[in-house]
There are 2 protein chains.
Amino acid sequence: MIEPVTKRRTDGLSKEVIVRAAAAILDDGGEAALTFRALTARLSTGYGAIYHHVANKSDLLAAATDAVIARVMRDAVVGAEPRQALRTVSLGLFDAIDAHPWVGAQLSREPWRPALLEVYERIGGLLVALDVPAEALFDAAGALVNYVLGVAGQNAANARLLTSDEADREAFLGAVAARWAALDPDEYPFVHQAATQLREHDDREQFLAGVDIFLAGIATLR
Amino acid sequence: MIEPVTKRRTDGLSKEVIVRAAAAILDDGGEAALTFRALTARLSTGYGAIYHHVANKSDLLAAATDAVIARVMRDAVVGAEPRQALRTVSLGLFDAIDAHPWVGAQLSREPWRPALLEVYERIGGLLVALDVPAEALFDAAGALVNYVLGVAGQNAANARLLTSDEADREAFLGAVAARWAALDPDEYPFVHQAATQLREHDDREQFLAGVDIFLAGIATLR
DNA sequence: ACCTGAACACCGTTCAAGT
DNA sequence: ACCTGAACACCGTTCAAGT
């Protein structure tokens with residue numbers, strides 16, 4: 001068998017391969033599972049090999065997060081109607097962060113990441129299409145992006161807390177709702193009354209309701 | 001000098017003392033500085049003594065966070081006009097999280113904490129005063145609380161990243177703005193154009209602008 | 001009941017040595 | 001240029017032993 005002239009190992013390490021492995025570990029076992037020991041085991045390599053392609057753990061997490069966000073932005077097919085497109089993009093981010101809770105934590109730890117560029121550009125562009133006046137554009141885009149990432153991050157924290165078991169989720173929400181319901185209605189009128197809705201609410205729908213409130217507020221700026 | 005009958009050491013450990021020391025360490029050196037070793041040194045005690053009052057590190061962080069939020073809610077004197085009161089409460093939370101960035105990270109890690117009860121109650125009550133219809137109340141309160149905590153958390157992440165030096169902050173924002181300005185205006189029209197505003201914007205004002213957009217959106221629900 | 005601190009089972013990161 | 005893996009300087013947490 002004849003060796004190729006440039007004998008490059010097809011299974012050689014690269015930042016991309018490492019980042020993909022890291023993302024798989026994060027999806028499997030959450031943030032605590034991503035250790036350099038787990039990574040070297042999965043890639044059958046040594047620590048130095050990884051550090052040769054990646055500056056440190058923080059760099060690794062950032063790169064994995066960028067990859068997820070970039071994929072969402074690439075896949076988010078956006079229709080013509082800007083209002084609906086804003087809902088689609090927002091929901092795409094929400095779902096991606098729900099599926100990869102570590103992304104939510106990372107984004108709130110390091111905003112201004114390159115991946116967020118695409119998000120700002122897309123959302124800002126759609127706000128322009130909505131005729132938001134120029135002087136309000138920056139604040140409106142900032143607020144909406146922050147709302148989307150903020151809520152998605154909070155939701156991801158819950159997802160992380162509750163594993164992926166639906167029964168767990170109901171039990172947890174039920175327990176919190178019971179605590180809320182047990183509060184003195186004179187001292188906590190709102191929370192006491194909101195207990196039922198807490199038990200029954202759908203995070204995704206509540207998220208979208210928030211986006212709609214936002215868009216309604218932005219519409220008053222026109 | 002006569003010993004009191006129950007000779008309780010006034011300098012004895014208690015959860016409150018431990019939590020206060022932890023908060024001081026967190027304020028001084030950030031989240032990475034809070035270790036059980038630093039805590040035992042500061043309190044001149046052993047690990048076991050701390051574990052006797054506190055379940056683990058996560059419990060400690062949660063308790064310290066609850067204390068900060070409870071203080072904000074206690075101190076937030078709220079005027080009669082609900083719209084203004086909502087802005088005051090929101091700003092109080094923003095400022096507290098800005099002053100104690102670790103609170104922002106912790107809140108997005110563990111929502112549904114007891115401290116947030118007070119926040120939901122206050123904000124929910126003010127929305128009732130704003131005549132938000134009952135069926136929209138839960139979603140509106142959830143969205144607003146999430147917005148406030150989300151943005152404050154993002155802002156805190158920046159604060160953590162940038163230390164407390166104002167020159168650092170300007171240099172950092174300047175660098176990001178320069179990167180944004182350098183982008184191809186055809187490919188990134190919005191971000192390219194927003195670079196100037198990014199350099200000049202005030203986080204606190206942008207936060208309040210977002211709250212106002214929100215309240216304007218909520219007003220359309222009436 | 002409350003406290004002490006050695007010990008355990010982990011971390012991220014470095015670096016001399018290999019190919 | 002790229003990889004190996006022992007070693008270092010840390011962690012959070014436990015627990016037998018003390019008062």
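Computed from a predicted model, the values in this text were never measured in an experiment.
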Nucleotide [N], atom [atom2] - distance to [atom1] of [X] in whole Å:
| X | N | atom1 | atom2 | value |
| --- | --- | --- | --- | --- |
| A:Lys15 | D:dA1 | NZ | P | 19 Å |
| B:Leu39 | C:dG5 | CG | P | 15 Å |
| B:Leu43 | C:dC3 | CG | C1' | 13 Å |
| B:Arg37 | C:dA6 | CZ | C1' | 11 Å |
| B:Phe36 | C:dT4 | CZ | P | 15 Å |
| B:Ile50 | C:dA1 | CD1 | C1' | 17 Å |
| A:Tyr51 | C:dC11 | OH | P | 13 Å |
| B:Ile18 | D:dG12 | CD1 | C1' | 15 Å |

### Query
Stems in DNA chain C: runs of 3 or more consecutive Watson-Crick or G-U pairs, distances under 3.5 Å?
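The stems are C:4-8 with D:12-16, C:12-16 with D:4-8.
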### Task
Taking B:Arg179 for its side chain and B:Gly174 for its backbone only, find out whether a donor-acceptor pair lies under 3.5 Å.
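Judged by distance alone, no pair lies under 3.5 Å.
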### Query
Is A:Lys15 reaching over with its side chain to a backbone N or O of A:Ile50, donor-acceptor style, under 3.5 angstrom?
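Side chain of A:Lys15 to backbone of A:Ile50, a donor-acceptor pair under 3.5 Å: no, none is there.
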Tell me which nucleotide among [options] gets nearest to the side chain of [X].
| X | options | answer |
| --- | --- | --- |
| A:Tyr47 | C:dT13, D:dC2, D:dG12 | C:dT13 |
| A:Leu13 | D:dC3, C:dC3, D:dT13 | D:dC3 |
| A:Thr35 | D:dC2, D:dA7, C:dG12 | C:dG12 |
| B:Thr45 | C:dC11, D:dT14, C:dT4 | C:dT4 |

### Query
Want to settle it: does A:Ala55 or B:Gly46 sit nearer the 5' end of DNA chain C, counting the closest nucleotide to each?
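Checking each residue's closest nucleotide, the 5'-ward one belongs to B:Gly46.
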### Query
Starting at the 5' end of DNA chain D, which residue's closest nucleotide do you reach first, B:Ala49 or B:Lys57?
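This one resolves to B:Lys57.
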### Message
I'd like to know whether B:Tyr147 forms a ring pair (Phe, Tyr, Trp, His ring centres under 6.0 Å) with A:Tyr147, so could you lay out the CA-CA distance, the side-chain angles of the two residues, the decisive distance to 0.1 Å, and finally the verdict.
### Response
CA-CA 5 Å; B:Tyr147 170 76; A:Tyr147 170 76; 7.1 Å; no
### Task
Would you please say whether a donor-acceptor pair under 3.5 Å links the side chains of A:His100 and A:Asp27?
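Checked: A:His100/A:Asp27 side chains pair up, N/O donor to acceptor below 3.5 Å.
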### Task
Ignoring hydrogens and angles, state whether a donor on the side chain of A:Tyr188 or B:Glu118 is under 3.5 Å from an acceptor on the partner side chain.
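Yes.
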### Query
Counting just side-chain N and O atoms, does A:His53 come under 4.0 Å of either OP1 or OP2 of D:dC3?
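Yes, such a contact exists.
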### Task
Verify the contact: side-chain N or O of A:His52 to OP1 or OP2 of D:dT4, cut-off strictly under 4.0 Å; return yes or no.
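Indeed not, no polar side-chain atom of A:His52 lies that close.
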### Message
Taking the side chain as everything from C-beta on, heavy atoms only, tell me whether A:Val148 gets closer than 4.5 Å to A:Val89.
### Response
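Sidechains of A:Val89 and A:Val148: no contact.
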### Query
Touch check for B:Leu34, heavy atoms < 4.0 angstrom, all strands: base, sugar-phosphate only, or nothing?
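Sugar-phosphate contact only.
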### Message
Tell me whether the rings of A:Tyr120 and B:Trp180 are parallel (<30°), tilted (30 to 60°) or perpendicular (>60°).
### Response
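Aromatic pair A:Tyr120/B:Trp180 classed tilted.
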